[in-house]
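What follows is one structure encoded as structure tokens, with my remarks underneath.
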Amino acid sequence: MNKADGRDALERYRPWKGSTEALFWLLLVGINCSGNALTVWMDAQRGGNPTLKVWEPWVWEFSSGLVWLLIVVPAVVWFCNRVPLHLDNWRRRLPLYVLVSVPVSLVHVLSMFALRALAYRLMHEPFSIDPLPNVLLYEYLKDVRTFAFIVAITHGYGFLLRRLQGEAQLFAAPDEGPPLEPVERPERLLVRKLGRDFLVATQDIEWAQASGNYVNLRVRGHDYPLRITMAALETKLDPSHFLRVHRSWIIHIAHLVSIEPLDGGEGRLQMTDGQQVPCSRRYLPQVRQHLGEGARAAAPA
């Protein structure tokens, strides 16, 4: 697959991204719950629990699955995107993931049993559980495996998207000798896509938006994620061309078309590619000043 193929595939997939992700988790949870419920019922029919009612395995499994689907999976995916694991940080962040798995399991178990209690009450049947400490420990040992599976799927999926999209990197200073590219204020960025490397000029960046542990750079109509904070990126871009307009946005002033004032003193910036960028009240005067300077410079003498 060449670069164009990967780019075109990603662009075609982008409008369907949200619905495809939701459908994937829905099918995964639904198939797993249905399979477990059928297995429990078949075991009961073979003599394991002849008093088991036909609806009980479905209540058990889908009360769990519903909590995973509506609460836990979105929370874990959000956490993975905010605090991703990488080869250079996994040892430091892995204990945090283990720590997060504890409240995740607690929320799952308590919500699951609340749904089961409600279902049994609607069916006019008694509902009871074992002592809570034993239940929490037993369920956590199962939940931590599911938690790890969700983390693995989320990171693998994110890695695949970044491979198709292309991931930007800053040039690092060499161990010996002077750097070939400026390090403090780079003129170009290295982009890795589908096993190939190519360069993009820093001045071709139209705008940058913070996205979790990354900053998405818009370059000639394409987005490239860069692992950096907005504060660090701001120091590496030429302040005569790039402006911080929001805690999550930096723009190239040459690509600013207009400013729309909003209630409360904020603004909405219209960019040349059609993107609308929010502008905080504290940055709006500076943006207006640069836009005015640009208009005067473009005016004929």
Side-chain angles (χ1 to χ4, degrees), residues 10-11 14-19 21-22 70-84 96 100 103 107 154 158 161-162 165 167-168 170 185-186 189 200-299:
L10 187 62
E11 291 301 319
R14 199 180 301 278
W16 302 93
K17 181 175 179 291
S19 56
E21 293 168 358
L70 298 183
I71 301 176
V72 180
V73 167
V76 174
V77 170
W78 176 88
F79 175 75
C80 290
N81 291 331
R82 294 292 298 181
V83 191
L96 179 59
V100 167
V107 169
T154 303
L161 288 183
R162 289 194 300 273
Q165 182 177 3
E167 187 171 357
L170 295 171
R185 187 159 292 166
L189 299 172
V200 296
T202 306
Q203 286 298 321
D204 288 338
I205 298 173
E206 301 166 27
W207 47 260
Q209 180 190 17
S211 178
N213 222 42
Y214 287 83
V215 173
N216 283 325
L217 309 176
R218 173 57 65 93
V219 181
R220 295 179 179 177
H222 304 295
D223 295 328
Y224 301 118
L226 172 67
R227 283 184 60 198
I228 196 173
T229 65
M230 289 296 286
L233 177 62
E234 187 177 10
T235 64
K236 293 184 177 296
L237 296 176
D238 187 348
S240 64
H241 294 92
F242 293 92
L243 287 179
R244 183 77 172 267
V245 298
H246 188 273
R247 66 179 182 177
S248 301
W249 293 84
I250 293 175
I251 67 166
H252 193 305
I253 197 67
H255 292 276
L256 175 61
V257 176
S258 63
I259 303 172
E260 178 186 353
L262 301 176
D263 296 338
E266 295 86 6
R268 183 183 294 121
L269 310 180
Q270 186 73 31
M271 307 300 292
T272 54
D273 66 345
Q275 177 70 37
Q276 293 184 337
V277 176
C279 183
S280 300
R281 180 169 48 188
R282 60 176 292 198
Y283 295 112
L284 192 54
Q286 184 182 9
V287 176
R288 282 176 169 155
Q289 178 183 353
H290 277 75
L291 186 61
E293 292 174 352
R296 288 194 295 271

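The first residue of the sequence shown is numbered 1, and numbering continues consecutively from there.
A search for ring-ring contact (aromatic ring centres under 6.0 Å, His included) contacts involving His255 returns His252, not counting sequence neighbours. Residues satisfying the salt bridge (Lys or Arg N to Asp or Glu O under 4.0 Å) criterion with Arg244, sequence neighbours excluded, are Glu234.
One finds the CG atom of Asp204 at 11.5 Å from the NE2 atom of His222 (value rounded to the nearest 0.5 Å). We find the NZ-CZ distance between Lys236 and Phe242 to be 14.0 Å, quoted to the nearest 0.5 Å. Note that CG of Asp238 is 9.5 Å distant from OG1 of Thr202, once rounded to the nearest 0.5 Å. Considering CG of Leu170 and CD1 of Ile228, their distance stands at 5.0 Å, rounded to 0.5 Å. Interatomic distance, Trp249 CH2 to Gln275 CD, rounded to the nearest 0.5 Å: 4.0 Å. To the nearest 0.5 angstrom, Glu266 atom CD is 12.0 Å from Glu260 atom CD.
Between the side chain of Arg281 and the main chain of Gly264, a donor-acceptor pair closer than 3.5 Å is present. Side-chain atoms of Ser211 never come within 3.5 Å of backbone atoms of Tyr214 as a donor-acceptor pair (strictly under, hydrogens ignored).
Side-chain contact check for Leu256 versus Val277: every heavy-atom pair is 4.5 Å or farther apart. For the pair Met230 and Ser248, the minimum side-chain heavy-atom distance is 4.5 Å or more. Counting heavy atoms from C-beta on, the side chains of Arg288 and Pro261 come closer than 4.5 Å. Counting heavy atoms from C-beta outward, Leu269 and Trp207 have side chains that stay 4.5 Å or more apart. For the pair Val77/Glu21, no side-chain contact is recorded, criterion being any heavy-atom separation below 4.5 Å from C-beta on.
Across every non-hydrogen atom of Ile71 and Val107, the tightest pair is CG2-CG1, 4.0 Å. Among all heavy-atom pairs drawn from Thr154 and Cys80, the shortest one is CG2-CB, 3.7 Å. Here the closest non-hydrogen pair linking Arg247 and Ser280 is N-OG, 4.4 Å. Taking each heavy atom of Val100 and Phe79 in turn, the nearest pair found is CG2-CZ, 3.6 Å. In plain terms, the two heavy atoms of Ala208 and Leu217 that are nearest each other are CB-CD2, 3.7 Å. Between Cys279 and Val287 the shortest heavy-atom distance is SG-CG2, 3.9 Å.
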Chi angles and distances behind the side chain to side chain contact (heavy atoms under 4.5 Å, CB included) call for Met271, Gln276: CA-CA 6 Å; Met271 307 300 292; Gln276 293 184 337; over 6 Å; no

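The only member of Leu233, Val200, Leu189 that meets side chain to side chain contact (heavy atoms under 4.5 Å, CB included) when paired with Ile205 is Leu189. Just one of Gln209, Arg218, Gln165 meets the side chain to side chain donor-acceptor pair (under 3.5 Å) condition when paired with Asp223; it is Arg218.
By the 4.0 Å N-to-carboxylate-O rule, Arg162 lies close enough to Glu167 to be salt-bridged with it.
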